[in-house]
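Quick notes on the structure that follows.
Every chain is numbered from 1 and lettered A, B, ... according to where its sequence line falls, protein lines coming before strand lines. Bear in mind the structure is a predicted one, so any value in this text is a computation, not a measurement.
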There are 2 protein chains.
Amino acid sequence: MSLAHAILGFLNYGPKTGYDLKRVFEASVSYFWNARQSQIYQTLPDLEKRGWATVELVRQDDRPNRKEYSLTDAGREELRHWLGQAQPNPPIRSPFLVQVFFSGELPDDEVLAVLEEKAQELRDVLALFETGPVSQPVYAEHVPKRDRFFWYLTLDYGIESARSSLRWIESAIERIREGAYERGIDGAITEKETT
Amino acid sequence: MSLAHAILGFLNYGPKTGYDLKRVFEASVSYFWNARQSQIYQTLPDLEKRGWATVELVRQDDRPNRKEYSLTDAGREELRHWLGQAQPNPPIRSPFLVQVFFSGELPDDEVLAVLEEKAQELRDVLALFETGPVSQPVYAEHVPKRDRFFWYLTLDYGIESARSSLRWIESAIERIREGAYERGIDGAITEKETT
DNA sequence: AAATTCATGTAATAAGTTACATGATTCC
DNA sequence: GGAATCATGTAACTTATTACATGAATTT
């Protein structure tokens with residue numbers, strides 16, 4: 001259950017409500033971890049039960065009351081422990097790759113349409129990464145330089161992996177247009193690095 | 001529910017039992033889609049209910065009886081329809097990137113240990129891709145060249161994305177060793193392509 | 001007047017994991 | 001003798017999604 005740990009990570013920057021957390025997820029880690037509002041609200045009482053956070057009701061007159069969750073020492077310890085252990089990779093599930101895998105069943109034009117659509121998606125994602133809110137994170141102030149460094153590392157990962165996927169799709173499209181599959185598997189395999 | 005569609009894709013190469021399917025998943029698409037035995041057995045009756053497959057009991061004396069599922073015309077049609085539509089991206093959930101994101105909380109040596117472990121994992125995956133069973137798929141014979149082309153395309157994707165991730169991790173390790181985070185965010189960002 | 005923001009939650013369902021259960025044959 | 005292969009399934013649980021429900025204040 002790493003959603004709980006992601007929440008601990010954010011609470012470490014200061015007390016937050018379920019509502020705050022939802023916004024903060026969206027503004028920062030949403031491209032590699034996002035959570036539904038309902039899931040966040042379901043997880044918060046659990047953090048309290050485990051002793052990782054405490055709740056405080058903050059009364060407001062003009063707006064709905066807030067329930068602020070704060071990280072406890074036990075919570076911070078749990079976070080550090082979790083961060084220090086390489087997390088196992090969850091099984092990847094890519095419907096898109098399943099689709100490509102079985103695309104022998106489709107005529108060229110239909111496969112190409114799907115690939116073009118995916119390529120465009122990736123270009124849009126890249127444009128967002130380079131200009132959008134993710135590249136100018138303002139969702140927390142007075143954050144140490146070192147913390148920001150790691151934030152940007154993940155952004156960098158997102159950019160690099162999107163670029164890599166796009167290169168792959170574009171080359172796949174080209175190979176299909178050339179009719180590479182008629183020449184056997186060689187047409188599908190990228191040359192190995194000649195080192 | 002794309003597990004159902006992945007199964008349809010395999011049934012399209014001939015009738016299979018739950019047991020066959022489990023092996024075939026492992027030997028081919030496991031690095032981008034894998035399913036537990038229990039999940040496959042839970043899904044199969046559903047395919048039948050939807051009219052996408054039929055079952056036939058094959059009695060065996062020396063071994064347990066087999067329940068062979070065959071694709072129906074409706075099933076093939078469903079498969080083609082699914083293949084022709086670009087599938088929406090499921091939300092990515094990467095505990096590893098969450099971990100990196102919050103790694104400001106950890107001292108250098110602990111972060112580096114986690115990154116090194118992940119780098120080694122990627123090197124192992126790459127070695128497997130290049131020599132292992134995935135690169136010599138024998139799990140189906142008499143498969144058209146064009147089908148194999150798409151199989152190899154997905155393998156190629158796996159190799160390229162593993163290489164891309166490894167490059168990223170190695171450069172991250174280097175930047176941390178150099179103390180790049182002291183110089184602000186510039187140390188974390190890959191130079192933009194100078195075009 | 002309508003939409004958005006702020007703020008909380010619950011219920012039903014779907015998808016996936018873990019663990020259990022059985023039993024013959026064949027390979028080491 | 002023990003492990004692996006062949007072959008089926010079910011039950012309990014966890015995780016995540018979809019959809020519903022409420023309501024004041026502010027912005028368009």
- Message: Would you say CG of A:D73 has more than 12 non-hydrogen atoms from neighbouring residues, nucleotides or ligands within 6.0 angstrom?
- Response: no
- Query: How close or far is atom C1' of C:dA7 from atom NZ of A:K67, stated in whole angstroms?
  - Reply: 11 Å
Listing, residues 54-61 of chain B side-chain donor-acceptor contacts under 3.5 Å, not counting sequence neighbours, or none:
{"unit_1": "B:Q60", "atom_1": "NE2", "unit_2": "B:P64", "atom_2": "O", "d": "2.8"}

- Distance, rounded to the nearest Å, where B:I40 contributes CD1 and D:dT8 contributes P: 11 Å
- Message: Quick one, B:F10 with A:F102, criterion ring-ring contact (aromatic ring centres under 6.0 Å, His included). Give me CA distance, side-chain angles, the key distance, then yes/no.
- Response: CA-CA 8 Å; B:F10 283 118; A:F102 293 115; 4.9 Å; yes
- Message: Taking the nucleotide of DNA chain C with the nearest heavy atom to each, does A:R23 or B:L3 sit closer to the 5' end?
- Response: A:R23
- Message: So, using side-chain hydrogen bond (donor to acceptor under 3.5 Å, both in side chains) as the criterion, who are the partners of A:K67 when residues are at least two apart?
- Response: none
- Message: Give the residues of residues 90-97 of chain A touching DNA chain D, defined as any heavy atom closer than 4.0 Å, sorted by residue number.
- Response: none
- Atom CD of B:Q39 and atom P of C:dG16: how far apart are they, to the nearest Å? 5 Å
- Message: With rounding to the nearest 0.5 angstrom, report the OG1 to CD distance, A:T72 to A:E77.
- Response: 9.5 Å
- Message: I want to check something: taking the side chain as every heavy atom from C-beta on, are A:E182 and B:R146 in contact at a cut-off of under 4.5 Å?
- Response: no
- Atom CD of A:E178 with >12 non-hydrogen neighbours under 6.0 angstrom: yes
Can you give the donor-acceptor pairs under 3.5 Å from side chains of residues 34-48 of chain A to other protein atoms, not counting sequence neighbours?
{"unit_1": "A:Y41", "atom_1": "OH", "unit_2": "A:Y19", "atom_2": "N", "d": "3.3"}
{"unit_1": "A:T43", "atom_1": "OG1", "unit_2": "A:Q39", "atom_2": "O", "d": "2.8"}
{"unit_1": "A:D46", "atom_1": "OD2", "unit_2": "A:R50", "atom_2": "NE", "d": "3.0"}

- Query: So, is A:R66 near the phosphate of C:dA7, with a side-chain N or O under 4.0 Å from OP1 or OP2?
  - Reply: yes
- Please give, in whole Å, the distance from C:dT17 C1' to B:Q42 CD? 10 Å
- Here the distance between atom P of D:dT15 and atom CG of A:D46, to the nearest Å, is 9 Å
- Round to a whole Å and report the spacing from CZ of B:F25 to C1' of C:dG16. 13 Å
- Output, in order, the C-alpha distance, side-chain angles, deciding distance and verdict of side chain to side chain contact (heavy atoms under 4.5 Å, CB included) for A:S94 and B:Y157. CA-CA 12 Å; A:S94 168; B:Y157 179 92; over 6 Å; no
- To the nearest 10 degrees, the angle between the two end axes of the helix from C:dA1-D:dT28 to C:dC28-D:dG1 (five pairs per end) comes to 40°
- Message: Checking the side chain of B:Q99 only, and the main-chain atoms of A:Q85 only, is there a donor and an acceptor separated by less than 3.5 Å?
- Response: yes
- Task: Indicate yes or no: does A:E121 engage A:K118 in a salt bridge with an N to O separation below 4.0 Å.
- Result: yes
- C:dC6 phosphate, OP1 or OP2, under 4.0 Å from A:Q60 side-chain N/O: no
- Distance-minimising heavy-atom pair for B:G51 and B:A74: O-CB, 3.6 Å
- Task: Specify the separation, in whole Å, of atom CD of B:E56 and atom P of D:dT8.
- Result: 13 Å
- Could you run through nucleotides 19-28 of chain D and give me one letter per nucleotide, 5' to 3': B if any protein heavy atom sits under 4.0 Å from the base, S if only the sugar-phosphate is that close, - if neither? B---B-S---
- Query: For the pair made of CG in B:L21 and P in D:dC6, what is the distance, rounded to whole Å?
  - Reply: 14 Å
- Query: Of all the nucleotides listed (D:dA7, C:dC6, C:dT10), which has the minimum atom distance to the side chain of B:Y41?
  - Reply: D:dA7
